[in-house]
Asks: 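Could you have a look at this structure, given as C-alpha cells, before my questions?
First the proteins, then the strands, lettered A, B, ... as listed; each starts at 1.
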Amino acid sequence: MKIESVRGMNDLLPEASAKWHRVESAARRTFAAFGYREVRTPIIESTELFVRSVGETTDIVEKETYTFTDRNGKSLTLRPEGTAGIVRAYIESNRHTVEPVSKWFYVGPMYRHERPQKGRYREFFQIGAEAFGSDDPWIDAEQLALVAEILAAVKTPGVELRLNSLGCATCRPLYRATLTRFLDGVADRLCGDCQRRSATNPLRTLDCKNPGCIEATASAPTTIEVLCDACRIHFAGVQAGLADSGVSFVLEPRIVRGLDYYTHTTFEFVATLGDVGAQNTVCGGGRYDGLVAALGGPAVPGVGFAFGIERLVSLIADDDADKQTPLIFFATMGDAAARFAHRALATLRRTSIAAECDYGTKSLKAQLRRAGALGAIFVAIVGDTEVGRNVVQLKNMASGEQTEVDVSSGLDALRARLTDTAHL
RNA sequence: GUGGGUAUAGCUCAGUUGGUUAGAGCACUGGAUUGUGGCUCCAGUUGUCGGGGGUUCGAAACCCCUUACCCACCCCA
C-alpha cells in the first residue's frame, strides 16, 4: 500500500519553497520596520481556548477543528487560527505589565478540517500580527499600511483593501436588529440558506453569492449608517490614518468576517487579478477589543490580521526568477582528483562559498552537464595531471573560456574569481 | 456535509465505432567528442492504463462498486 500525504495537506518541494521564502523574508523585514516582534506559540491548545475566542457556534469550531483527547483525557485542538493562542500567551505572560503596547507577529501552520479546494487546505500557513494595548485608530491604519507594504514588497498587483466597521458592543446589536427587520421584509426573495441566516447570523446574508439575494439585499442598511458616535469617530480616524500612510482602500459594508470576536475595524485584502479561484481573500483581520478580557485577561484592546501564505504565493509571478547562488563545481577524474576536490570543497564551504561535486564515478561530460544544470558559474576540472602540478582548469560556464589556476598556495584565486563574477 | 469533473511512464498529456506489441513531448542515462556542459543528432530505461468486480472471442476504452485528487457550495486565510 502506498502511503500518501493526508488529504488537504501538502508537501512544499524545493522548486516551490523559494517563493515562500521570499514572502517570509519580505514579511520579516517589514515587521521589523514597523516594530513588530516574533512570537511562537504551540500548534496545539486547549479546546476551550478556541470555543471561547473564535465562538462556540461558528462553523470553524463546530465542524472544522481537529480535536482529540490526549492520554490524560484532556480535550486538545490543533489551532484553526492564530489569534487565540497569541492572546492566551499575552495574558499568560502578564505582558500588559511589561509594556503598554505589544506588537507581535507569528508565522506558522493552522488546521481546519474542511473540504479542500483551490486556495483552501486543511493545513495552511499564515503570517499574522497582533497589536495589544491601544484602541488608537492609528494602530489599525498602521497595520493596514504594513500589509500593503508586504504586498508591494512581494509584487502582487491587483490586491484591493476592503474596509468596514462592525461597530462596538453598543451599536452592533442595534445594527443586527435593524438588519433583521429589513431581511424579514424581503424574506420571500431570499434563498433558503439566507432565510436560515436571517435568524442565525443575519450579517452573513450580505455576502451571499446568489444573484437573487444580492438584489434583495442591495438596499439593506449598512453598519456604517448605524455606528454610534464613538465608533464613527474611530472609523474616521482609521481612514485618516490610511490617507496619511498613502494606502488606498474601498469601503465595503458587506465585510462581516466569520469570527465572533471582531469589533470596530474589519478588513480584507482581496485579489482581483490572477487565477486564484473562489478563495480570493489574501489577508483578513480586524479589531477585537473585547477578546483579551473575554479570555480572562485585562481589559486590553487589540487589532490583528493574518495572511494566507499559500494564497499570497499563488499571486507571485513565476518569471520573478530566483537569484542563483554563485556556485563552483568540481569535476574530477580519478581517486586522487576526487580527494583533492573533497579537500577544496571543505575549504571553500567553510567560508560559505557554495561548492559542489558529483557523486559516484561519472564521465567528465556527465559531470559538466550536471554542473550546467545546477547553474554553476565555474567548473574546476581536476585530473591526475592537475593534481600532480597543483593546478585546476577553471572553466567559466557562461563564456566557455578556460584558464589554468595555480592552487599550490591555497584557493584564494578561485574564491576571488567567484566573488568577482557574483557582482556582475 | 452537498454537487460536478478527472484518474494512462517521474511530469504534461494523446490513445479512433471495443481489436492484437499502449504512444508522444519533457525529464533521466549513454553515445556522436581517450579529459569539456548548454544547441543538434542517435540510442536506451521507465507503465499493476487508480483499485475491485462485470459484459465480451477480445476492455485503457462499455457497465457497476470503490478509492484518491481537482473544482465549486457551506464556510473561510
Side-chain angles (χ1 to χ4, degrees), chain A residues 1-10 13 15 54-55 57-64 79-83 108-128 147 191-194 196-197 200-201 204 207-210 255-259 267-271 275-286 304-315 329 331-334 337 358 360 362-386 392-402:
Chain A
M1 180 176 73
K2 189 161 68 173
I3 298 178
E4 294 174 326
S5 73
V6 174
R7 175 196 286 255
M9 307 208 181
N10 304 305
L13 298 176
E15 291 72 22
V54 176
T57 60
T58 55
D59 276 15
I60 292 179
V61 164
E62 263 185 355
K63 56 182 200 193
E64 294 173 3
R79 61 183 186 196
E81 55 95 46
T83 302
M110 306 295 160
Y111 299 86
R112 290 184 200 169
H113 192 98
E114 304 173 274
R115 197 72 167 262
Q117 70 185 70
K118 195 177 182 70
R120 167 195 286 163
Y121 310 101
R122 289 186 169 180
E123 178 182 69
F124 60 101
F125 286 73
Q126 290 192 329
I127 297 177
V147 174
C191 69
D193 277 339
C194 281
R196 176 177 54 78
R197 290 183 187 119
T200 57
N201 192 352
R204 280 247 88 88
D207 58 9
C208 181
K209 283 163 188 158
N210 187 312
I255 295 178
V256 294
R257 320 256 64 237
L259 290 68
F267 57 85
E268 292 178 350
F269 283 80
V270 176
D275 181 25
V276 290
Q279 308 305 318
N280 58 354
T281 304
V282 178
C283 176
F305 67 81
F307 275 106
I309 299 186
E310 291 86 349
R311 292 184 186 179
L312 187 52
V313 162
S314 75
L315 296 175
F329 187 101
T332 64
M333 283 149 291
D358 214 331
K362 296 273 175 63
S363 69
L364 181 60
K365 176 205 287 257
Q367 293 182 66
L368 277 162
R369 194 155 43 217
R370 185 76 197 133
L374 291 173
I377 306 250
F378 283 110
V379 174
I381 298 168
V382 191
D384 288 341
T385 350
E386 283 79 13
V392 302
Q393 305 298 331
L394 190 67
K395 182 181 175 83
N396 180 323
M397 291 297 273
S399 65
E401 153 198 8
Q402 189 168 313

Asks: Quick check: does any side chain N or O of A:E268 sit under 3.5 Å from a backbone N or O of A:V270, one acting as donor and the other as acceptor?
Replies: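 Judged by distance alone, no pair lies under 3.5 Å.
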Asks: Given that A:A366 and A:E386 both sit by RNA chain B, which one's nearest nucleotide is further toward the 5' end?
Replies: A:A366
Asks: Measure the shortest side-chain to side-chain distance between A:V379 and A:M397 over non-hydrogen atoms and say whether it is less than 4.5 angstrom.
Replies: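 Yes; the side chains approach each other to less than 4.5 Å.
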Asks: Given atom CD1 of A:I255 and atom C1' of B:A77, what is their separation to the nearest angstrom?
Replies: 14 Å
Asks: Hey, what are the protein-to-nucleotides 26-28 of chain B N/O distances that come in under 3.5 Å?
Replies:
none

Asks: Does the side-chain ring of A:F124 sit on the six-membered ring of the B:A77 base, less than 5.5 Å centre to centre and under 30° in tilt?
Replies: yes
Asks: Please tabulate, one pair per line, each protein N/O and nucleotide N/O from nucleotides 1-3 of chain B that are separated by under 3.5 Å, including the distance.
Replies:
| unit_1 | atom_1 | unit_2 | atom_2 | d |
| --- | --- | --- | --- | --- |
| B:U2 | O4 | A:R115 | NH1 | 2.6 |

Asks: Set out, in order, the CA-CA distance, both residues' side-chain angles and the distance that settles side chain to side chain donor-acceptor pair (under 3.5 Å) for A:Q117 and A:R120, then state yes or no.
Replies: CA-CA 5 Å; A:Q117 70 185 70; A:R120 167 195 286 163; 3.3 Å; yes
Asks: Would you measure the distance from the P atom in B:C11 across to the matching atom in B:C70 and give it in whole Å?
Replies: 15 Å
Asks: Identify whether any heavy atom of A:G119 sits under 4.0 Å from a base atom; if not, whether one sits that close to sugar-phosphate; answer base, sugar-phosphate or nothing.
Replies: base
Asks: Test A:F329 against A:Q367 for side chain to side chain contact (heavy atoms under 4.5 Å, CB included), laying out the working first.
Replies: CA-CA 9 Å; A:F329 187 101; A:Q367 293 182 66; 4.2 Å; yes
Asks: Can you tell me which nucleotide in B:G30, B:A77, B:A72 comes closest to the side chain of A:R311?
Replies: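 Within the option list, the nearest is B:A77.
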Asks: For A:V282, answer base if it contacts any base atom (sugar-phosphate contacts may also be present), sugar-phosphate if it contacts only those atoms, and nothing otherwise; contact means non-hydrogen atoms under 4.0 Å.
Replies: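 Counting heavy atoms under 4.0 Å across all strands, the contact made by A:V282 is with sugar-phosphate only.
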Asks: Got a sec, which residues hit ring-ring contact (aromatic ring centres under 6.0 Å, His included) with A:Y111, two or more places apart in sequence or on another chain?
Replies: none
Asks: Checking contacts here: which listed nucleotide (B:C71, B:G35, B:U36) is nearest the side-chain heavy atoms of A:K395?
Replies: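 The closest nucleotide is B:U36.
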Asks: Could you check which nucleotide pairs with B:U2 in any of the strands shown, counting Watson-Crick or G-U wobble with both distances under 3.5 Å?
Replies: B:A72
Asks: Indicate, with a heavy-atom threshold strictly under 4.0 Å, whether A:Y121 touches base, sugar-phosphate, or nothing.
Replies: base
Asks: Kindly give the heavy-atom pair with the smallest separation between A:I381 and A:E386, and that separation in Å.
Replies: O-CG, 3.8 Å
Asks: Do A:V6 and A:E123 have side chains that get closer than 4.5 Å, going by heavy atoms?
Replies: no
Asks: State which of B:C70, B:G35, B:C73 makes the closest approach to the side chain of A:P116.
Replies: B:C70
